[in-house]
Amino acid sequence: MPELPEVELTARNLRTWARGATISDARIAKTRITRGGSIDARALIGRRIASVDRRGKWLRLTLDDDRRLFSHLGMTGRWVRRTIDAPEERSERLRFDVTRRDRETSLRYLDQRMFGRLLVADEDIEEWTSLGPDPLIDGVDGRLLARAIGNRKRTIKEVLMDQAVLAGIGNIQATEALWRARIDPRTKASELSSRRLGALARAIGWTLDRTLGLEEGPEIQYVEDPGAPNPFVVYGRDGEPCPRCRTTLVRIVLGGRATVLCPTCQLNQDVE
DNA sequence: AACGGAACCTGAAAGC
DNA sequence: TGCTTTCAGGTTCCGT
């Protein structure tokens with residue numbers, strides 16, 4: 001589920017909760033979350049969490065012995081803070097009890113569908129190093145987009161979601177940004193003018209900032225959480241009027257993913 | 001090489 | 001009411 005904004009908020013939470021803290025206990029359930037490796041939880045006990053970083057949708061917790069814990073949230077992963085005596089939750093896959101200044105709390109990684117990943121490594125893993133530029137860390141503008149896209153011929157929506165092109169953009173952020181920039185998601189990426197790419201870069205900044213602002217708080221609110229209203233402008237709103245021109249928004253499928261667009265205003269026309 | 005589609009999972013919501 | 005189908009914000013693999 002999570003895209004760049006949710007992962008960024010998670011990184012900020014983990015810094016607040018755990019940076020500088022010592023792991024006093026660690027337990028990991030044996031599930032497919034650790035595929036591609038295995039984690040010896042006992043070997044983490046006693047280590048201090050030196051720093052927490054995010055790149056794209058990946059999190060990296062660096063320990064004081066320079067080993068790193070990598071975490072990808074997949075579709076349903078979330079890190080939460082609990083009291084030390086809170087009972088194990090249904091989808092709990094990893095638990096860290098951490099101590100800082102004599103205060104002990106418990107960090108839990110929850111992941112219902114287990115598409116997420118957890119890996120421990122001595123150095124940065126390929127999944128981390130192969131990520132493209134991150135819009136929040138590296139900034140994003142039309143030139144950078146043009147360079148990242150190169151002459152890729154897939155649709156701009158699919159290319160935007162390619163983590164090697166731009167790190168952190170998923171289905172929601174791509175949908176929202178393309179609507180904002182008035183670009184038809186089916187356009188071949190290499191066919192966008194530099195002017196269009198400039199508009200797209202600004203639109204990406206707009207939707208990321210907007211989503212980050214919506215999600216400030218102790219726990220990330222997902223759209224699909226029961227009772228939570230959809231906070232997005234067009235994502236999940238097919239059948240509703242376009243907020244800009246009132247045309248009914250339509251749903252198509254691109255690269256196997258639901259895509260909402262306005263058939264009237266997403267026509268790649270410059271508007272100033 | 002590039003593409004569409006299925007697979008990996010669980011559970012909530014919609015459909016009948 | 002209860003059973004069935006569809007769908008979900010991610011990634012990877014497989015066959016054409």
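Naming: A, B, ... by sequence-line order, numbering from 1 per chain. Just so you know, these numbers come straight off a predicted model, no measurement behind them.
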- Who does B/dC9 pair with, Watson-Crick or G-U, both distances under 3.5 Å? none

- Task: Tell me what A/Arg90 touches on the nucleic acid: a base, only sugar-phosphate, or nothing, going by heavy atoms under 4.0 Å.
- Result: sugar-phosphate

- Query: Taking all non-hydrogen atoms of both residues, which atom of A/Ile204 and which atom of A/Ala177 are closest, and how far apart?
  - Reply: CG1-CB, 3.9 Å

- Can you check the A/Arg152 CZ to B/dA1 P distance for me, whole Å? 14 Å

- Item | Below 4.0 Å: OP1/OP2 of B/dG4 and any side-chain N or O of A/Arg154 | yes

- Distance between P atoms of B/dG5 and C/dA8 (Å, rounded): 15 Å

- Does the A/Gln163 side chain pair with the main chain of A/Gly56, one donor and one acceptor, at a distance under 3.5 Å? no

Is there any protein nitrogen or oxygen under 3.5 Å from a nitrogen or oxygen in nucleotides 10-13 of chain C, and what are the pairs?
| unit_1 | atom_1 | unit_2 | atom_2 | d |
| --- | --- | --- | --- | --- |
| C/dG10 | OP1 | A/Lys57 | NZ | 2.6 |
| C/dG10 | OP2 | A/Asn171 | N | 3.4 |
| C/dG10 | OP2 | A/Arg257 | NH1 | 2.9 |
| C/dG10 | OP2 | A/Arg257 | NH2 | 2.7 |
| C/dT11 | OP1 | A/His72 | NE2 | 2.8 |
| C/dT11 | OP2 | A/Lys57 | NZ | 3.0 |

- Note on the structure: Closest non-hydrogen contact found for A/Gly77 with A/Tyr109 is CA-OH, 3.5 Å

- Query: Taking CD from A/Glu8 and C1' from C/dG9, how many angstroms apart are they, rounded to a whole number?
  - Reply: 17 Å

- Message: Is it true that A/Arg93 and A/Ser91 share a donor-acceptor pair across their side chains at a distance under 3.5 Å?
- Response: no

- Mate of B/dC16 across any strand shown (Watson-Crick or G-U wobble, both atom pairs under 3.5 Å) is C/dG2

- Does a side-chain heavy-atom distance below 4.5 Å link A/Leu73 with A/Lys57? no

- Message: In whole Å, measure the gap between the P atoms of C/dT5 and B/dA7 for me.
- Response: 16 Å

- Determine the Euclidean distance between corresponding P atoms of C/dT12 and B/dG11; express it in Å to zero decimal places. 24 Å

- Query: When the distance from NZ of A/Lys157 to P of C/dG9 is rounded to whole Å, what number comes out?
  - Reply: 8 Å

- Message: With rounding to the closest Å, how many angstrom separate the P atoms on C/dT11 and B/dA1?
- Response: 23 Å

- Message: Under a plain distance cut-off of 3.5 Å, with no hydrogens placed, do A/Thr155 and A/Lys188 share a side-chain donor-acceptor pair?
- Response: no

- Task: Could you check how far CD1 of A/Ile252 sits from C1' of B/dG4, rounded to whole Å?
- Result: 15 Å

- Query: Quick one: is A/Arg78 getting a side-chain N or O under 4.0 Å of the C/dG9 phosphate, OP1 or OP2?
  - Reply: no

- Nearest-Å distance for atom pair CD/C1', residues A/Glu158 and B/dG4: 10 Å

- Distance between C1' atoms of B/dC8 and C/dC3 (Å, rounded): 25 Å

- Query: Roughly how far apart are A/Thr175 OG1 and A/Met161 CE, rounded to 0.5 Å?
  - Reply: 7.5 Å

